[in-house]
A.B. asks: 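Below you'll find the structure I mean.
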Amino acid sequence: MEAKEWQTEQARLDQVREKLQARIEELEPEVIGTREQASEMRRHFWEEVTVNTSSDEDFEETFYTIKQQAAVLSERERRHRLLSQQWKSLNRLLPSPYFGRIDFQEDGLNLTEQIYIGVSSFVEEDGLSFLVYDWRTPIASLYYDHSPGAAFYDTPVGRITGTMELKRQYQIQNGQIRNMFDANVTIGDELLQQVLSKGADSQMKSIVATIQKEQNTIIRDDHSRLLIVQGAAGSGKTSAALQRVAYLLYKNRDTLKADQIVLFSPNPIFNSYVSSVLPELGEENMQQTTFQEYLEYWLGSSLRLEDPFDQIEYVLTAQLMPNYEARLQGMKYKASEAFLTALQNYAQWLGQEGMLFKSIRFRDRDLITAERIGLQFYSYDFTLSLANRIDLLQKWLMKELSVLERKEREASWVEEELQYLDIEQYEEVFGELHKDREVFDIAERYAEVYEIISKKRRKDEGDFDFADQEKELLSQRIVKQSFKPVRQSVKKLFFIDVQGLYEQLFDDEAHYREKTKEGEVPALWSEICQQTKEKLDQNELFYEDATPYLYLKELIEGVRTNTEIRHVFIDEGQDYSAFQYEYLKKLFPRARMTVLGDFGQAIFTQSTKLQGDDSPMVRLYGNDKTCLIRLVRSYRSTREIVEFTKELLSEESDIVPFERRGPKPLLTRIEGEEKRAAQILKDIAALQGEGYDSIAVITKTAAESRTAFESLQAQGSEELQLITKETVQFDKGVMVIPVYLAKGIEFDAVLIYEASSQAYSRDNDRKLLYTACTRAMHQLLLYSTGDWTPFVEKINTNLYKMTT
């Protein structure tokens with residue numbers, strides 16, 4: 001680019017930065033001032049309010065005074081938040097105000113507008129002239145979707161057409177243009193090359209400067225009820241989804257808040273990894289959780305739940321244990337739509353017979369027996385749903401408890417309790433008995449109280465006697481307090497034996513077919529039943545049982561829904577079962593769903609196909625409400641790593657590598673664990689010498705991770721981190737991690753600890769190895785202490801280097 005053009009652009013940049021700096025300096029005292037004003041008002045809130053409740057008029061005046069003062073404080077705090085957000089936004093812009101420019105001439109106008117695009121908008125003081133456009137504005141979509149020539153963008157009032165005359169990209173650091181080039185088609189390879197050649201970070205970064213056209217389609221989708229993103233490893237699925245959250249919050253800022261969006265992450269460490277993206281764009285983080293955390297919240301108080309990582313650890317390590325095949329069959333069946341239908345039919349059967357209840361007990365005796373509760377339940381209209389009948393039953397039980405509570409006041413244990421009451425309780429009851437007297441002399445009251453207390457203290461002399469009213473009120477209080485836990489248990493529906501109802505399903509095959517109208521069951525059904533019941537007898541649930549158990553619980557007690565959530569994002573969506581998707585749809589009935597997945601990384605037994613007419617997701621929402629977007633270009637890894645890893649897949653892959661070069665994957669055959677550990681540490685040192693800060697030694701299982709960690713430590717390495725399912729913070733450095741916890745994360749270099757046929761030989765190991773290898777950005781190294789896995793053996797030898 002000519003020097004004159006460069007000077008013109010730098011001069012424009014300097015001018016924008018000067019205005020930014022001036023606006024920042026102008027805003028700063030206002031931000032400080034409103035913060036101090038709000039703080040001062042909070043400190044002296046009650047000093048400005050006169051509280052008077054002598055009469056109804058005084059009370060009403062006090063109420064409105066408080067309300068008015070609260071409104072003034074709220075307005076001051078709102079203004080402070082607004083000014084603070086503006087100030088922070090300007091400060092984010094200052095080092096690099098924009099990253100792109102388009103020159104666009106709208107049809108019918110003779111004026112060509114220069115549009116500069118950054119992470120947020122910056123407007124001249126007149127409020128009309130944009131110096132920088134937010135990347136989420138409609139006009140900014142031109143930058144991502146079009147090349148110079150005829151172009152258009154959509155606005156709330158219709159489509160705007162015209163001609164793009166220029167598309168330019170910048171790299172700006174601390175107010176200086178470092179790179180600048182014009183792009184012909186999409187975001188130029190030059191910019192992507194420089195961004196992708198950088199090292200991996202401990203947290204995912206915003207990609208607004210490098211969003212590709214297909215990613216922009218994901219971000220700006222406003223119509224789909226269900227958006228499925230099927231993308232290759234490293235194709236930017238998660239990055240695009242997080243920019244989508246920022247876009248939705250920007251576009252719907254008056255009606256959508258961050259806490260109305262929830263992201264289901266694959267594991268806790270992933271939450272840390274993506275937590276900085278939205279704040280970097282000036283938005284609050286949405287709610288983040290894992291599906292396991294949700295299950296623990298609703299079931300963890302009564303049952304110990306296996307988590308998906310312990311489940312996959314079992315699948316990968318327990319092949320020689322008894323009933324292993326039965327457990328696998330149970331995992332697949334309990335994750336299926338067939339089991340979902342079976343539970344729905346079972347609920348209908350329970351409406352006719354078979355409900356199990358627990359007796360309501362008090363002081364080691366049955367107040368209301370389970371049999372009586374069952375008779376009452378089945379006395380209700382059979383056409384009512386289970387949940388409605390349970391609601392009626394709960395109300396009946398509360399009335400019965402009120403009757404029984406009154407009778408209980410005459411019980412002998414109440415008389416005994418009266419003898420051991422504290423003096424303070426007598427004082428409180430005495431006050432209640434006298435509080436409604438129209439004339440009551442305060443001195444006389446204290447004299448009487450003193451007399452009662454004195455009598456209480458002399459009760460051992462035999463001259464103390466209860467007044468009838470006092471005794472009645474005290475008895476009432478004692479029984480009411482004792483009945484409180486019983487009432488709470490009824491309110492929480494603890495009288496329903498949900499565990500027994502779920503266990504009842506697994507009595508035997510004949511009864512199961514009768515209760516569920518199920519035609520087909522797994523071949524090893526009797527073993528599945530035995531395993532399930534043994535686990536329940538220990539108050540534990542397999543992971544594959546947790547969602548069905550909660551679903552059955554809600555069929556009986558009432559479906560739990562969250563109508564506040566408007567958008568649900570699911571990462572690693574292929575790892576959710578058809579059953580879990582049905583449950584999530586019921587849980588968030590008003591929400592649009594965005595599902596991100598790659599069936600090539602479907603490593604869990606319950607994995608779900610995301611695309612095609614046979615996808616349970618598509619069937620749930622319907623083709624007309626579903627949008628499927630496929631991302632085939634991989635940006636994370638070098639061409640050499642992508643060409644190698646795509647060969648690991650069983651079917652021919654259409655993954656397209658981005659043109660970024662690097663060394664071929666290196667395969668090292670080595671004898672013995674000690675020599676392997678020594679070679680790995682030597683290779684790690686060499687990688688660090690090349691400037692790589694994020695290095696992962698990836699193992700197949702958690703058990704192998706612990707072994708590898710100890711082996712490497714024994715060789716003298718002290719800088720290693722062992723990543724487990726309890727790890728919640730992702731940091732740079734050298735780590736040892738099982739493959740299923742590395743999903744969704746990227747590293748500068750990946751070292752596959754053991755890639756032998758002993759480690760990866762079964763067909764379901766193929767995707768594990770593929771997932772592990774695709775974590776690498778720049779370098780991939782594989783080690784084997786035996787014969788290479790057959791998945792590597794079949795790869796063209798031109799795609800890797802081998803050492804011995």
A.B. asks: So do T789 and D765 actually touch side chain to side chain, heavy atoms under 4.5 Å?
C.D. replies: no
A.B. asks: Under 3.5 Å, is there a donor-acceptor pair between the side chain of K237 and the main chain of G231?
C.D. replies: yes
A.B. asks: Could you tell me which residues satisfy ring pair (Phe, Tyr, Trp, His ring centres under 6.0 Å) with Y324, sequence neighbours excluded, listed by chain and number?
C.D. replies: Y314
A.B. asks: Between D575 and K743, does any side-chain N to carboxylate O distance fall below 4.0 Å?
C.D. replies: yes
A.B. asks: Listed by chain and number, what are the ring pair (Phe, Tyr, Trp, His ring centres under 6.0 Å) partners of Y333, not counting sequence neighbours?
C.D. replies: F339, W525
A.B. asks: Run the side chain to side chain contact (heavy atoms under 4.5 Å, CB included) check on L780 and I752 step by step: do they pass?
C.D. replies: CA-CA 8 Å; L780 174 63; I752 306 299; 4.2 Å; yes
A.B. asks: Give a yes/no verdict on a cation-pi contact between R676 and Y753, requiring under 6.0 Å between NZ or CZ and the six-membered ring centre and an angle within 45° of the axis.
C.D. replies: yes
A.B. asks: For G236, is there any backbone N or O sitting under 3.5 Å from a side-chain donor or acceptor partner on S239?
C.D. replies: no
A.B. asks: With side chain to side chain contact (heavy atoms under 4.5 Å, CB included) as the criterion, how do I261 and L249 come out once you've worked through the C-alpha distance, each side chain's angles and the decisive distance to 0.1 Å?
C.D. replies: CA-CA 9 Å; I261 304 174; L249 289 171; 3.8 Å; yes
A.B. asks: Heavy-atom count around K332 NZ within 6.0 Å, excluding the residue itself: above 12?
C.D. replies: no
A.B. asks: Taking G662's backbone N and O only, do any of them form a donor-acceptor pair with E640's side chain (distance below 3.5 Å, no angle check)?
C.D. replies: yes
A.B. asks: Can you find a pair of side-chain heavy atoms, one from P738 and one from T699, that are under 4.5 Å apart?
C.D. replies: yes
A.B. asks: Which pair of heavy atoms, one from I218 and one from V229, lies closest together, and at what distance?
C.D. replies: CD1-CG1, 3.6 Å
A.B. asks: Hydrogens and angles aside, do E554 and Y583 bring a side-chain donor and acceptor to less than 3.5 Å of each other?
C.D. replies: yes
A.B. asks: What are the two closest heavy atoms between V274 and L242, and how far apart are they?
C.D. replies: CB-CD1, 3.8 Å
A.B. asks: Classify the ring geometry between F291 and F264 as parallel (under 30°), tilted (30 to 60°) or perpendicular (over 60°).
C.D. replies: tilted
A.B. asks: How long is the straight-line distance from CD of Q574 back to CD1 of I228, given to the nearest 0.5 Å?
C.D. replies: 12.0 Å
A.B. asks: Is the shortest heavy-atom distance from the side chain of L687 to the side chain of L781 under 4.5 Å?
C.D. replies: yes
A.B. asks: Would you say L295 and Y543 make side-chain contact, with heavy atoms under 4.5 Å?
C.D. replies: yes
A.B. asks: Once rounded to the nearest 0.5 Å, what's the spacing between atom CG of L720 and atom CD1 of I695?
C.D. replies: 10.0 Å
A.B. asks: Can the positive tip of R244 be found less than 6.0 Å from the middle of the six-membered ring of F569, inside 45° of the ring normal?
C.D. replies: no
A.B. asks: Starting at OH of Y247, measure out to CG of N216 and round the result to the nearest 0.5 Å.
C.D. replies: 8.5 Å
A.B. asks: Please answer whether the main-chain N or O of T210 pairs with a side-chain N or O of Q212 as donor and acceptor at a distance below 3.5 Å.
C.D. replies: yes
A.B. asks: Evaluate the salt bridge (Lys or Arg N to Asp or Glu O under 4.0 Å) criterion for residues D654 and R630: first the C-alpha distance (whole Å), next the side-chain angles of each, then the deciding distance (0.1 Å), finally the verdict.
C.D. replies: CA-CA 11 Å; D654 56 0; R630 299 188 70 248; 3.2 Å; yes
A.B. asks: Can you check whether E283's main-chain N or O pairs, donor with acceptor, with Y250's side chain at less than 3.5 Å?
C.D. replies: no
A.B. asks: Whether the side chain of E746 engages the backbone of S637 through a donor-acceptor N/O pair (distance < 3.5 Å, no angle test) should be reported.
C.D. replies: no
A.B. asks: Quick one, D222 and K251 - any side-chain contact, counting heavy atoms below 4.5 Å?
C.D. replies: yes
A.B. asks: Side chain of K334, backbone of E544: donor and acceptor closer than 3.5 Å?
C.D. replies: no
A.B. asks: Looking at CZ of R636 and OG1 of T645, how far apart are the two atoms once the value is rounded to the nearest 0.5 Å?
C.D. replies: 10.0 Å
A.B. asks: Quick check: closest heavy atoms across Q729 and S272, and the distance to 0.1 Å?
C.D. replies: NE2-OG, 3.3 Å
A.B. asks: Indicate, with yes or no, if the rings of Y760 and F791 have centres closer together than 6.0 Å.
C.D. replies: no
A.B. asks: Could you check if a side-chain atom of Q230 sits within less than 4.5 angstrom of a side-chain atom of D598, using non-hydrogen atoms only?
C.D. replies: yes
A.B. asks: Is the closest basic N to carboxylate O distance between E659 and R661 below 4.0 Å?
C.D. replies: yes
A.B. asks: Distance from R220 atom CZ to L248 atom CG, nearest 0.5 Å?
C.D. replies: 11.0 Å
A.B. asks: Measuring from E643:CD to T638:OG1, what's the distance to the nearest 0.5 Å?
C.D. replies: 9.5 Å
A.B. asks: Between Q292, E540, Q311, which is the residue that forms a side chain to side chain contact (heavy atoms under 4.5 Å, CB included) with E306?
C.D. replies: Q311
A.B. asks: List the atom of S705, the atom of I737, and the distance in Å for their closest heavy-atom pair.
C.D. replies: OG-C, 3.4 Å
A.B. asks: Heavy-atom count around K585 NZ within 6.0 Å, excluding the residue itself: above 12?
C.D. replies: yes
A.B. asks: Which pair of heavy atoms, one from P663 and one from H778, lies closest together, and at what distance?
C.D. replies: CD-O, 4.0 Å
A.B. asks: Check whether any side-chain N or O of E293 sits under 3.5 Å from a backbone N or O of Q288 as a donor-acceptor pair, and report yes or no.
C.D. replies: no
A.B. asks: Is it true that D307 and K725 make a salt bridge, defined as a side-chain N closer than 4.0 Å to a carboxylate O?
C.D. replies: yes
A.B. asks: Is there a donor-acceptor pair under 3.5 Å between the side chain of E313 and the backbone N or O of A703?
C.D. replies: yes
A.B. asks: May I ask you to check whether S756 and Q758 show a side-chain donor-acceptor distance below 3.5 Å?
C.D. replies: no
A.B. asks: Find out whether the Lys NZ or Arg CZ of K767 is both under 6.0 angstrom from the six-membered ring centre of F599 and within 45° of the ring's axis.
C.D. replies: yes
A.B. asks: Show the nearest heavy-atom pair for residues L681 and L712, with the distance to one decimal.
C.D. replies: CD1-O, 3.6 Å
A.B. asks: Whether E284 and K257 form a salt bridge (side-chain N of Lys/Arg under 4.0 Å from carboxylate O of Asp/Glu) is what I want to check.
C.D. replies: no
A.B. asks: Check the orientation of Y800 and F644. Use parallel for under 30°, tilted for 30 to 60°, and perpendicular for over 60°.
C.D. replies: perpendicular
A.B. asks: Go through F99 and V208 one step at a time and tell me if the side chain to side chain contact (heavy atoms under 4.5 Å, CB included) criterion holds.
C.D. replies: CA-CA 9 Å; F99 52 79; V208 293; 3.8 Å; yes
A.B. asks: Find out whether V595 and Y576 are in side-chain contact, i.e. whether some heavy atom of one side chain is under 4.5 Å from a heavy atom of the other.
C.D. replies: no
A.B. asks: State, without any angle test, whether Q606 and Q580 hold a side-chain donor-acceptor pair at a distance under 3.5 Å.
C.D. replies: no
A.B. asks: Are any of the side-chain heavy atoms of I219 and Y144 separated by less than 4.5 Å?
C.D. replies: no
A.B. asks: Pair F747, M735 - check side chain to side chain contact (heavy atoms under 4.5 Å, CB included), show working.
C.D. replies: CA-CA 10 Å; F747 307 92; M735 62 194 70; 3.5 Å; yes
A.B. asks: Looking at D134 and R136, does any basic side-chain N land under 4.0 Å from a carboxylate oxygen?
C.D. replies: yes
A.B. asks: Pairing donors with acceptors under 3.5 angstrom, does anything connect the side chains of T317 and T701?
C.D. replies: no
